[in-house]
Amino acid sequence: MEEIKVFCPATIANVSCGFDVLGLALDSVGDEMTIRKTSEKGIRITKIIGQDLPLETENNVAGVAGLAFLEKSSYQGGFEIEIDKRIKPGSGIGSSAASSSGAVWAMNELLGRPFTKLELVQFAMQGEKLASDVAHADNVAPAIYGGFTLVRSYEPLDIIPIPTPSELYATVIHPQIEIKTSDSRKILKTTISMQQGIRQWGNLGGLVAGLFQNDYDLIGRSLHDHIVEPIRSILIPAFDDIKANALKAGALGSGISGSGPSIFALSKGEEIAQKVAESMKETYQTIGVDFDIHISKVNRQGIKKIA
């Protein structure tokens with residue numbers, strides 16, 4: 001195989017209580033990438049459509065992740081990358097992660113899968129470092145593994161796939177403003193109280209248990225962020241109203257997707273997810289904020305070949 005085309009899913013990171021350690025992949029929104037082998041060593045980005053992003057390898061997250069892949073590979077050739085960018089940068093649903101993880105996953109397929117999923121996450125994290133100054137894995141891990149993933153440890157890196165209840169749907173609304181992950185990190189506190197930590201750890205444990213047990217009520221009770229959300233939410237228009245109305249419409253819980261400005265809600269069943277979407281639309285239409293909205297099942301497969 002000399003060429004491959006792949007779907008690279010959008011992702012929701014943090015999932016309220018799991019800052020930098022928890023994420024999930026979406027099924028209905030993502031980028032498409034075409035990667036082909038070349039005899040010339042190195043990475044060349046030949047085409048980007050959909051967004052205005054740099055073609056220079058060292059300035060593009062897919063290029064940087066690809067270089068990390070090549071550095072550890074015995075392959076003597078290189079790769080060309082084309083990106084159909086359908087996830088807007090700064091949207092909070094893993095735009096940089098889709099490009100970074102899609103590139104290394106596709107390269108691995110073309111070479112007969114010499115690297116494990118865990119190793120691919122490590123390569124893709126270098127793209128995330130370029131985008132946000134931090135090599136975090138909570139977006140690239142679910143993109144590569146599919147479903148929900150937990151980053152149990154960063155040193156050494158340890159990724160734990162988590163089962164996904166079959167009726168779990170995500171609704172995501174993206175107000176048409178951009179919040180860079182690197183900027184949103186700068187406003188966070190670097191210390192928390194013991195009380196805040198205990199509440200957050202309890203919710204994270206409860207959410208993981210709820211996913212394993214298919215306990216939707218427990219999932220809902222656990223979708224609370226007492227540390228990051230109170231700070232980041234001030235950057236997002238009508239955040240409190242969006243969240244309150246989503247819960248009234250039947251959502252299990254709601255919070256900031258990644259670093260924002262997108263807001264997610266999880267629901268049991270597509271019908272409720274649709275009602276949640278309508279409540280979100282009404283809120284932003286009332287105040288005149290432009291937005292995109294997505295309704296999606298959780299993507300259990302992650303990145304996949306499409307041609």
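For this chain, numbers begin at 1 and follow the sequence in order. Just so we're clear, the structure is a prediction, and the values are computed from it rather than from any experiment.
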Test side chain to side chain contact (heavy atoms under 4.5 Å, CB included) applied to Thr286 and Lys281, step by step: CA-CA 8 Å; Thr286 299; Lys281 289 178 185 178; over 6 Å; no
Non-hydrogen side-chain atoms of Ile256 and Ser233 separated by less than 4.5 Å: yes
Euclidean distance, Ile4 CD1 relative to Ile35 CD1, rounded to 0.5 Å: 7.5 Å
Contact check, side chains of Leu130 and Gln126, non-hydrogen atoms, under 4.5 Å: no
Basic-acidic side-chain contact under 4.0 Å: Arg36, Glu82: yes
Could you give the side-chain donor-acceptor pairs of residues 209-219 under 3.5 Å, partners two or more places apart or in another chain?
from, atom 1, to, atom 2, distance (Å)
Asp215, OD1, Asp217, N, 3.3
Asp215, OD1, Leu218, N, 3.0
Tyr216, OH, Glu167, N, 3.0

Presence of salt bridge, Lys88 and Asp292, under 4.0 angstrom: yes
Electrostatic pair Glu32-Arg86, nearest N-O below 4.0 angstrom: yes
Beyond-backbone contact of Lys129 with Asp133, side-chain heavy atoms, under 4.5 angstrom: no
Heavy-atom check, side chain of Lys297 versus side chain of Thr164, under 4.5 Å: no
Rounded distance [0.5 Å steps], NE2 in His224 versus CD in Gln200: 11.0 Å
Beyond-backbone contact of Val172 with Ile93, side-chain heavy atoms, under 4.5 angstrom: yes
Closest non-hydrogen atom pair between Ile87 and Cys8, with its separation: CD1-O, 4.2 Å
Which pairs of donor and acceptor atoms, one on a side chain in residues 47-67, lie under 3.5 Å apart (sequence neighbours left out)?
from, atom 1, to, atom 2, distance (Å)
Thr57, OG1, Ile43, O, 2.7
Asn60, OD1, Ala62, N, 2.8
Asn60, ND2, Pro54, O, 2.9

Distance, nearest 0.5 Å, that separates CD1 of Ile45 from CD of Glu80: 11.0 Å
Spatial distance of atom CZ (Arg232) from atom CG (Asp225) [nearest 0.5 Å]: 9.0 Å
Glu278 and Lys275 ion-paired at < 4.0 Å: no
Compile the donor-acceptor pairs under 3.5 Å between side chains in residues 261-269 and protein atoms, sequence neighbours left out, one pair per line.
from, atom 1, to, atom 2, distance (Å)
Ser262, OG, Ser91, O, 2.6

Side chain to side chain, Leu118 and Asp158, heavy atoms closer than 4.5 Å: no
Value rounded to 0.5 Å, distance of OH in Tyr145 from CG in Leu120: 8.5 Å
Check: Tyr75 ring centroid to Phe69 ring centroid under 6.0 Å: no
Under 3.5 Å donor-acceptor, Asn108 side chain and Phe115 backbone: yes
Exercise: do Lys85 and Ser95 side chains pair donor with acceptor under 3.5 Å: yes
